[in-house]
Structure formats: structure tokens, C-alpha cells
There are 2 protein chains.
Amino acid sequence: MSPVRRSTVYDVAREAGVAASTVSRAFSDPRRVNAVTREHVLNVAERLGYRPNPLASALQSGRTATIALLVPDIANPHFFGTIRGAEARASASGITFILGYTQESADNEREQILRLDRSVDGFVLASSRMSDATTVELAREHNMALVNRQVEGLPSAIVDNGGGSRQIIDHLASLGHRSVVYLSGPEQSWQAKERWRGLSAAAGRCGMAATRLGPFSPRVAGGAAAADAALVSGATAFVAHNDLLAIGMLRRLAERGIRVPRDRSVVGYDDIFGADFCVPALTTLAGPHEEAGRAGVELLLNRVSRAAAGEAPRQVVLPAHLVVRDSTGPAPD
Amino acid sequence: MSPVRRSTVYDVAREAGVAASTVSRAFSDPRRVNAVTREHVLNVAERLGYRPNPLASALQSGRTATIALLVPDIANPHFFGTIRGAEARASASGITFILGYTQESADNEREQILRLDRSVDGFVLASSRMSDATTVELAREHNMALVNRQVEGLPSAIVDNGGGSRQIIDHLASLGHRSVVYLSGPEQSWQAKERWRGLSAAAGRCGMAATRLGPFSPRVAGGAAAADAALVSGATAFVAHNDLLAIGMLRRLAERGIRVPRDRSVVGYDDIFGADFCVPALTTLAGPHEEAGRAGVELLLNRVSRAAAGEAPRQVVLPAHLVVRDSTGPAPD
DNA sequence: TCGCGCATGGCAAGCGATTGCCAAAAGTTG
DNA sequence: CAACTTTTGGCAATCGCTTGCCATGCGCGA
């Protein structure tokens, strides 16, 4: 492997007949060095195959040009959009992208932040499971932005599932449904709360009965329990915490001989890969999750400059929209 | 954010009444310091909330406790298994995990390796698009392991798609098919070559006609072109480069009124999320991809010690197995 | 001609750990 | 008890870059 000695600022400096500081500035602060000198230094550097050592640079300057994205569950296709968007935005700025997996645990999340602290310039937390208090406290010492979670005083980018839930209710209401049950996700999930808040508020407005069951494991495997519970509830429309759960429910309902959408309607959230080709194709609340990931990184990168300018952190809200497919239909008699 | 001054070895040293070197050793080389002293140092460190700065440590020691996984395409669910496995194995060893996305480009891959070089202890390349020559050359200066790609002299972990392809042919042959067409993936894809090699060899052995078409974009969107081309070929069995392509083909075939599996049979590779609930459910060659990701990291971590012991790099081959679902059936008359 | 300011480059002190080497203390052995 | 080994801790150099501060030289106005 690497028995090769990489060249350093000093090698370049010697070869170019300047001081190391000049080499450093030629790369990082062009205005600080004469254009001719700079050109010369860059040429020599090129010839020697010099690349600045990011570790040494970070150690001295405190800037790592690296960010970390922490997600609760790598297995969940829902996060792929966020991951892609975040990675793309980071690499567009030449920033190294660390992916951390917190296993749906707030402690784990906290631990990763502490561990990575010095190695990154900041964190993007996707669907963070930490309490508001813990989050705020950590934010005092660590640069961070949230995705699909809002906490007072912190920059965040969310897909408006709360508001979007209204679209679900309107859709169901127009199909004649009078009762809906929400199959809830993890208890610490801010999104689960938002979704329920949106659903119950909208249901209230149009006189529809709304109940909540759960929590259920937000995976395909959780669908069986959710479907059974939903059937017992007597509601005609089932809204699942996410598409994985919804797909699992569809499967269970089919097993039990319940016809969707004739007997019951099913709605999910996220519009994940597969939502369009499961059977029946799933009606679901889609959102620009890739965009949210991108925005999360953007907010993080801007945070320091905004704070310096005395501006408040931004809370970006991206619109969600309902994709109507085959899993919803008129309420049964 | 972080106006806080983190404590350093020196703070701990002063507070504990020892030298900084002792503090350092208390953490990294326990045998080198008396058990009582060590305990004391650790207590003081704990009290001061000391955490070693990984950057400073890496700069001096050359060890970063970080690895990078490079994948061609974050959007492809096929890689999720690999990513999960690799992440899990890395974090089990307390190793920071960098995810890089190479956009199916060999140049990009190379550039990332050069860029990250000093920041990581090594690279795991998943389905690398680089030529053997480039790979070997880079491997001289960089610690790396391959997943789903074999190159002479480098450690690798692959899912045996070449061998597994025989299972596909056997399955199709037993259903009476006499001709098969392979809808190929990216030209630089080693896997695509392996799959075709396996298919054509096995087909030859049982007197089945095998042809190859393509390359096609290995995504759902590529399925339409692939399906149309496959139909023209006249073969009764279609083997797609991966499940995404296969799902796209199923969709196109349905549009065109071709019934699967009655009129044609379709097989994919990877058994991705969704392969079991698309319609018809997809027959596909499944493999332990998570395991492959894990093994890739494992090989990387062991590489240095094995090289020191004069052992040759290992080439791990993990078995694939055919999952028969509804997209394959008896050959039409 | 003198003085002043600005552009440019160099010096050297860090950043926070690791580690080779040395010395003192403690333990072993005959 | 002398001589020798082993254990343990400290010193100080080092990893490669950044950056505050100083020195030089030049242009330019008065």
C-alpha cells in the first residue's frame, strides 16, 4: 500500500523557492499572494503531485470540510431520498460525507455526535429521535441542522406531512369515508406526532371520526399487527405511518380476504420505491425528500454565516402532495 | 455552537499529575502504564470530559480509524444491503464510516480515492467500474478491498452470480425453455460480464440458445427498451441484469399485453426490496449482499496484518440462491 | 526628496495527539 | 549485596498545515 511519501507544503515550498506559508496561502487564500507567484506555486504543486493533507489542515484550522448525516435506520427506503440529496449537496461543495446509523436510538444518536464532534463541521439529523431538550442542549456545542423534525431555534427542513395529511383526509372524505384510523409509528417520532396532529385536525374539520392505534414497527413486518388492529377498530379507511407499514398491511389484508379498496382503503406516507407497483398500487403522501436532504446540508453550511449576521435559523417547509393510486376507493356501505 | 474549549491530553496530564505521554498511553496502550496510574488518569479524564481528538491522533499516527465505502449509485436499492453490512461491520469496530457515491464513473471513483486518501485507512469499492489495471495500480498506494468484483491480487468478497446463473438456467431448462436472452447492464460492470459468462456457459451445457442484448440502463426506466428488444429476439425466457431492470420489463410487458409467465418468463438478480410484491412476483437470484458488505470491511481491516504475515489476499465467494416466484413458468408452445 | 501606506512574502508558534529514547525505580538472580 | 533486567514514566520531536505578526520594497502624493 502506501510506502510512498506524499509531498508536503515544505516540499513544494523548497521546489518553488518560497516559504511554506506562501504555498498554503496559494491554495486557501489566493488574494493574499501575488498572481504570478501563485501560478508558479500551483504549477510546482501539480508537478509534485501535492495534495493538502486534510487532517493537518483541520487540526490547525478547526475546519474539516466534512459533515455527518445521522439516520435512524439505513434499511428504510424512506431515507434513501434524504441520503442522496444530502450526499449530492455535500459533494457539490467538495465536502466529505459521513453516514451514521443510529438504530432508532436517541442515546446512540447522542453518542455519535460526541464521537464525531471533532471530525466534522456539523451534523444533519434526519428524523431525530432525541428529545427537544437534549437536541437544544447539544446544539449549543455542536453545529447541527434537522431534517423532518422541528425544534425551536434550530434550522430545519421538513416535508409538510402535517399539512399534507389534510389532503389525505379530504381525499378520503370525498370518497365517503366517515371514519379513519391512524396506525402509528415509533413513539419518539416527531413525524408520527405531526401526521396524527394533521390527520385528527383535518378529520375534526370535516366531521370524520379519527382514532390512533399503535405504535407499530414501521416496517413491512409490522403490517400484520397493524392490519389486524385496524380491522378491529371498525374504521373504513386506514392511514399507515409510512409506506412500509402500509405495504405490510396490504399483504395482511389480502391474506385475510379483505379486498382493497372495495372493503377498506389504505394510505401511506413517503411514496417509497415500490409504492407504485405493489398491489393494489398504494395511495400515499409523497414529498420531496431528496430536496429535504439537500436543504438540510444547505442549512448546516449556512448556519455559521447566518448566526454571525444575527439572523434566526431558518425553518424550511417543503410541500407534500397526495399521489392517488389504487389502494383507496369509495367507502363501503 | 462550540465556543467551548475541549480539554486535551495536557489538561488531563496536569490535573492528574502525570505527563501527557502517560495520558496518551493510558488510552491507547494500557500495558505500557501501571494499572493504578491508568485508573487514575482515566478517572481524571472522565471528570474533565476528555475525548481524544481523532484528527490530532491521525495526523501523528497515520491511523484514522475511518474507512470509506464507494458505491456507483446510491439510488439503486441493490446497494442498500451492502451499505448496511459495511456500516454495521465498521461501527462494530468503532470505525467511522464514509459513504461516497461515484455516479457509475471510473474517473470519479479514482478522484474520490485520491481525495480521501489521507482521511481514511482504506477503501471498500462496491461494484467498482475501474479497469483491472487502474485498480491494481491504485491498490499499490492505497489500502483497498473489493465487493462484487474480483481483481487478481486484491482482497474481495463477491456474491457468486456467475455460479448462481447456472441455477437460473437449470430452472428455465426444467420449465422447457430452449432459448434465453440476457438483457445486459453497464459495459464496465464486472458483474454483468460474470452473469453473462455464467448464463452462456450453463446454457451451452444444456443445449439452450443464449444471446445477449444491451447494454441497458440498470434501472426501472431501462425496462421498456429492454423488454422491447427482448421480445424481438424471439427468446421465451428473459434474464435481466438486475431486479430494477426486470421490474421495468414486467411493467412494459404488461403494457404490451404480454402475459408473464404464460407467454414469457422473466428473471432478475439481487432480490431487492419490492421483488416479492411486484406483479407477478419476481423470480430472482438472491445473494447475501449485506454479508458481502460486511466481508468487504473485514477484509480491509485484515489486509494489513495478512500482508505482514505474507499471506495472499483472500477472495471470498458467497453463495447465491435462486428465489422462484411467479414470473417464471413453463415455456409456451 | 521624504514619508506613508499597501501589497507581498517569511518567520515561527501553534493545533493535539503519538512515540522513540532515556532514566529512575523496582524486581530478580546468584 | 552487586549486577542486571524489567517496568514505568517523562522529555521532546514530530505529523503537515494555518495564521498572526513582522519586514521588505515599491508606488505615490506632497
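The structure displayed is predicted, hence computed values, not measured ones. Below, chains carry the letters A, B, ... as their sequence lines are ordered, and counting in each starts from 1.
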| Approximate separation, where rounding is to 0.5 Å, of B:Gln112 CD and B:Leu70 CG | 5.0 Å
| query | Starting at CZ of B:Arg14 and ending at P of D:dG10, how long is that distance when rounded to a whole Å? | reply | 14 Å
| Are the aromatic rings of A:Tyr101 and A:Phe79 close, with centres under 6.0 Å apart? | no
| request: Select one nucleotide: of D:dT8, C:dC11, C:dT18, the one nearest the side-chain heavy atoms of B:Ser28. | output: C:dT18
| note | Here the distance between atom C1' of D:dT8 and atom NE2 of B:His40, to the nearest Å, is 16 Å
| Distance-only donor-acceptor test (3.5 Å): side chain B:Arg25, base D:dG10 | yes
| Along DNA chain C (nearest heavy atom to each residue), the more 5'-positioned of A:Asn34 and A:Tyr10 | A:Asn34
| task | Nearest whole angstrom, please: distance from the P of D:dG16 to the CG of A:Asp11. | result | 9 Å
| request: State, without any angle test, whether A:Asp121 and A:Thr64 hold a side-chain donor-acceptor pair at a distance under 3.5 Å. | output: yes
| Hey, is the side chain of A:Ser24 poking within less than 4.0 Å of OP1 or OP2 on D:dT18, counting only N and O atoms? | yes
| Rounding to a whole Å, what distance do you find between A:Arg38:CZ and C:dG9:C1'? | 16 Å
| message | Rounded to whole Å, how long is the line connecting atom CG of B:Leu55 with atom P of D:dC17? | response | 14 Å
| task | Using a heavy-atom cut-off of under 4.0 Å over every strand shown, decide if A:Tyr50 touches base, sugar-phosphate, or nothing. | result | sugar-phosphate
| task | Rounded to the nearest angstrom, tell me the gap between atom CG in A:Asn53 and atom P in D:dT14. | result | 18 Å
| task | Take atom CG of B:Asp29 and atom C1' of C:dG20, then tell me their distance rounded to the nearest Å. | result | 13 Å
| said: Using a heavy-atom cut-off of 4.0 Å across all strands, would you classify B:Val23 as base, sugar-phosphate, or nothing? | reply: nothing
| Minimum-distance nucleotide (side-chain atoms of A:Arg118 versus D:dT19, D:dG16, C:dG16) | C:dG16
| task | Let me know the distance between CD of A:Glu39 and P of C:dT8, rounded to the nearest Å. | result | 15 Å
| query | B:Arg63 side chain N/O closer than 4.0 Å to the phosphate oxygens (OP1, OP2) of C:dT19? | reply | yes
| request: Find which nucleotide of DNA chain D each of B:Ala35 and B:Leu59 is nearest to by heavy atoms, and output the residue with the more 5' nucleotide. | output: B:Ala35
| Counting distance only, does the side-chain N/O of A:Arg6 pair as donor-acceptor with the main-chain N or O of A:Pro52 below 3.5 Å? | no
| request: Give the nucleotide from the list C:dG9, C:dG16, D:dG9 with an atom nearest to the side chain of A:Thr22. | output: C:dG9
| Taking the six-membered ring for Trp, are B:Phe27 and B:Tyr50 parallel (under 30°), tilted (30 to 60°) or perpendicular (over 60°)? | perpendicular
| field | No-H, no-angle donor-acceptor pair, B:Arg32 side chain to D:dG9 base, under 3.5 Å | value | yes
| field | Donor-acceptor pair (no angle test) under 3.5 Å: A:Ser21 side chain, C:dC11 base | value | yes
